[in-house]
There are 2 protein chains.
Amino acid sequence: MSTAQETAGGEVEPWEEVTPDAARRLLIAAVEAFAERGYHATTTRDIAGRAGMSPAALYIHYKTKEELLHRISRIGHDRALDILRTAARREGSAAERLADAVSSFVRWHAGRRTTARVVQYELDALGPEARAEIVALRRQVDAEVRGIIEDGVASGEFDVPDVHGTTLAVLSLCIDVARWFTVNGPRTPEEVGALYADLVLRMVGAE
Amino acid sequence: MSTAQETAGGEVEPWEEVTPDAARRLLIAAVEAFAERGYHATTTRDIAGRAGMSPAALYIHYKTKEELLHRISRIGHDRALDILRTAARREGSAAERLADAVSSFVRWHAGRRTTARVVQYELDALGPEARAEIVALRRQVDAEVRGIIEDGVASGEFDVPDVHGTTLAVLSLCIDVARWFTVNGPRTPEEVGALYADLVLRMVGAE
DNA sequence: GCCCACGCTAAGCGAGCGCTCACTTTCGGC
DNA sequence: GCCGAAAGTGAGCGCTCGCTTAGCGTGGGC
């Protein structure tokens with residue numbers, strides 16, 4: 001790999017931005033535990049144990065258990081938004097950009113399934129302020145996808161009677177991958193991404 | 001309405017089968033609480049309180065808190081399966097049956113959103129045996145949708161390269177409705193059902 | 001060689017959890 | 001009018017939760 005920040009696939013190694021090392025280990029342990037059992041069923045003792053530390057060590061790096069979830073959710077949403085923005089702003093037709101957005105968004109939900117599960121399904125465990133911050137990010141996610149679809153409608157590439165509803169459906173399709181995808185299943189993240197991109201192009205009447 | 005079991009819309013009144021009355025009130029309270037906060041964040045005191053009873057009353061009708069979730073999940077999956085079977089076995093073309101299945105399944109996820117949330121997202125809170133029973137029901141749900149799509153492919157109505165993957169996508173679309181739908185939103189369950197049925201017909205190349 | 005700031009642990013606090021128990025109330029059968 | 005079964009309550013048990021506190025080991029600065 002070219003730098004310490006990139007994998008062979010070119011994807012940024014996740015959680016690089018979390019320092020120091022002990023804080024990152026705790027956060028990764030929390031992602032795994034939250035994804036497996038859910039936020040409320042996960043104990044601080046479990047998180048600390050997975051990170052190879054005592055329960056008290058958690059509180060040196062994070063004020064509360066909720067702050068851990070907040071940090072995970074914030075970073076995860078930033079990454080998701082980044083993926084969509086990259087696809088939305090590249091060169092190419094609306095169909096190409098939509099297919100790119102869907103396939104890369106799906107690849108993330110499948111390949112980083114533990115993170116995606118926490119990001120998509122544990123929002124309600126956050127307090128009001130943290131929740132509001134994340135909801136704002138979700139609106140930006142929605143706007144990126146809607147923007148591509150509107151471009152396609154304007155250029156005549158797409159035939160979409162209900163842009164808002166179709167945007168919702170496209171995001172539904174992508175997000176639900178985090179619910180059912182498993183590494184033991186018959187499909188790779190790449191295969192699911194390609195399939196779903198094709199299905200979405202059909203949904204917008206681009207084929 | 002024709003009988004005590006049916007609403008004006010012809011839908012069977014839910015939880016009719018749960019008796020006695022106190023057990024039903026507790027179960028309905030549990031559905032609301034689980035849907036709002038999640039199984040693990042819900043206390044038995046909260047459930048009993050919503051039903052207007054003391055915490056101890058819960059244990060007269062249910063052995064454990066988990067038994068409540070199990071009963072809810074079982075009844076909910078039975079109802080979901082019933083909806084899909086009714087659509088799959090009616091008269092008509094594959095396209096008509098698929099549109100009927102999707103629109104009624106989506107209407108259920110939107111209109112009975114609290115139940116659907118518990119049914120679709122709290123599976124992991126069940127113990128191994130209960131979980132296995134529910135997973136078997138989900139396979140039947142999958143089989144019903146796949147059957148309609150296979151019919152359409154066989155008759156030449158549909159153009160679907162990947163039947164299993166497309167089945168997964170159709171169910172994803174329907175199920176995710178329980179995550180985002182809200183009664184305060186701009187759409188009625190009927191509108192979302194009609195929109196999603198149309199999008200699914202596009203996905204299978206039926207238009 | 002001393003020191004102290006930092007990272008961490010062992011022990012444990014108060015609170016709230018799922019669930020139980022001893023008891024009361026209600027009510028149909030005779 | 002009495003009785004046993006069924007349904008419900010108030011009090012609280014044993015436990016585990018999120019989180020705190022007092023103190024220990026260690027390594028860089030001087």
Side-chain angles (χ1 to χ4, degrees), chain A residues 15 17-74 118 122-131, chain B residues 15-73 118 122-131:
Chain A
W15 316 127
E17 62 206 282
V18 181
T19 54
D21 185 67
R24 180 168 53 247
R25 271 161 45 218
L26 283 164
L27 190 129
I28 291 169
V31 169
E32 287 170 7
F34 292 163
E36 232 172 71
R37 314 199 213 285
Y39 175 79
H40 290 293
T42 298
T43 69
T44 54
R45 285 163 177 82
D46 183 25
I47 297 168
R50 285 174 191 249
M53 306 172 85
S54 78
L58 196 153
Y59 294 91
I60 294 163
H61 300 285
Y62 301 95
K63 237 171 56 209
T64 62
K65 176 181 158 189
E66 196 200 318
E67 192 194 324
L68 259 170
L69 177 61
H70 184 195
R71 291 275 290 268
I72 292 166
S73 196
R74 171 78 214 209
V118 178
E122 301 293 344
L123 175 65
D124 290 344
L126 288 172
E129 323 95 59
R131 198 177 189 288
Chain B
W15 317 127
E16 271 277 325
E17 61 208 284
V18 182
T19 57
D21 184 67
R24 180 166 55 246
R25 272 162 42 220
L26 283 164
L27 190 130
I28 291 170
V31 170
E32 287 171 5
F34 292 163
E36 233 172 70
R37 314 197 212 287
Y39 175 80
H40 290 292
T42 298
T43 68
T44 54
R45 285 163 177 83
D46 182 25
I47 296 169
R50 284 174 193 248
M53 305 172 84
S54 75
L58 196 151
Y59 294 91
I60 294 165
H61 300 284
Y62 301 95
K63 240 171 52 207
T64 61
K65 177 181 157 189
E66 194 199 320
E67 192 194 324
L68 260 171
L69 176 61
H70 184 195
R71 291 276 289 269
I72 292 166
S73 196
V118 179
E122 300 293 343
L123 174 65
D124 290 342
L126 289 171
E129 322 96 61
R131 198 176 189 287

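Every value quoted in this text rests on a predicted model; they were computed, and no experiment measured them. In what follows, chains are A, B, ... by sequence order, proteins preceding strands, each numbered from 1.
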May I have the distance from [X] (atom [atom1]) to [N] (atom [atom2]), rounded to whole angstrom?
X       : N      : atom1 : atom2 : value
A:Glu67 : D:dC19 : CD    : P     : 10 Å
A:Met53 : C:dA10 : CE    : C1'   : 15 Å
A:Asp46 : D:dT16 : CG    : C1'   : 13 Å
B:Arg25 : D:dA7  : CZ    : C1'   : 11 Å
A:Ile60 : D:dC19 : CD1   : P     : 15 Å
A:His61 : D:dT20 : NE2   : P     : 15 Å

Inset, instruction - State the CZ-CD distance between B:Arg24 and B:Glu17, to the nearest 0.5 angstrom. - result: 10.0 Å

Inset, instruction - Hey, could you give me the CD/OG1 distance between A:Glu32 and A:Thr42, rounded to the nearest 0.5 Å? - result: 11.0 Å

Inset, instruction - Could you list all the ring-ring contact (aromatic ring centres under 6.0 Å, His included) pairs where at least one residue sits in residues 22-71 of chain B, not counting sequence neighbours? - result: B:Phe34-B:Tyr39

Taking N or O atoms only and anything under 3.5 Å, show me the protein contacts with nucleotides 18-20 of chain C, one pair per line.
unit_1, atom_1, unit_2, atom_2, d
C:dG18, OP1, B:Thr42, O, 3.1
C:dG18, OP1, B:Lys65, NZ, 3.0
C:dG18, OP2, B:Thr44, N, 2.8
C:dG18, OP2, B:Thr44, OG1, 3.1
C:dG18, N7, B:Arg45, NH1, 2.9
C:dG18, O6, B:Arg45, NH2, 3.0
C:dC19, OP2, B:Tyr59, OH, 2.8
C:dC19, OP2, B:Lys65, N, 2.9
C:dC19, O5', B:Tyr59, OH, 3.4

Legend entry - Pairing residues for B:Arg131 by the side chain to side chain contact (heavy atoms under 4.5 Å, CB included) criterion, not counting sequence neighbours: B:Leu123, B:Asp124, B:Leu126, B:Val135

Inset, instruction - Compare all side-chain heavy atoms of B:Glu122 with those of B:Ile72 and state whether any distance is below 4.5 angstrom. - result: no

Inset, instruction - State, with a plain yes or no, whether a side-chain heavy atom of B:Lys65 is found less than 4.5 Å away from one of B:Leu69. - result: no

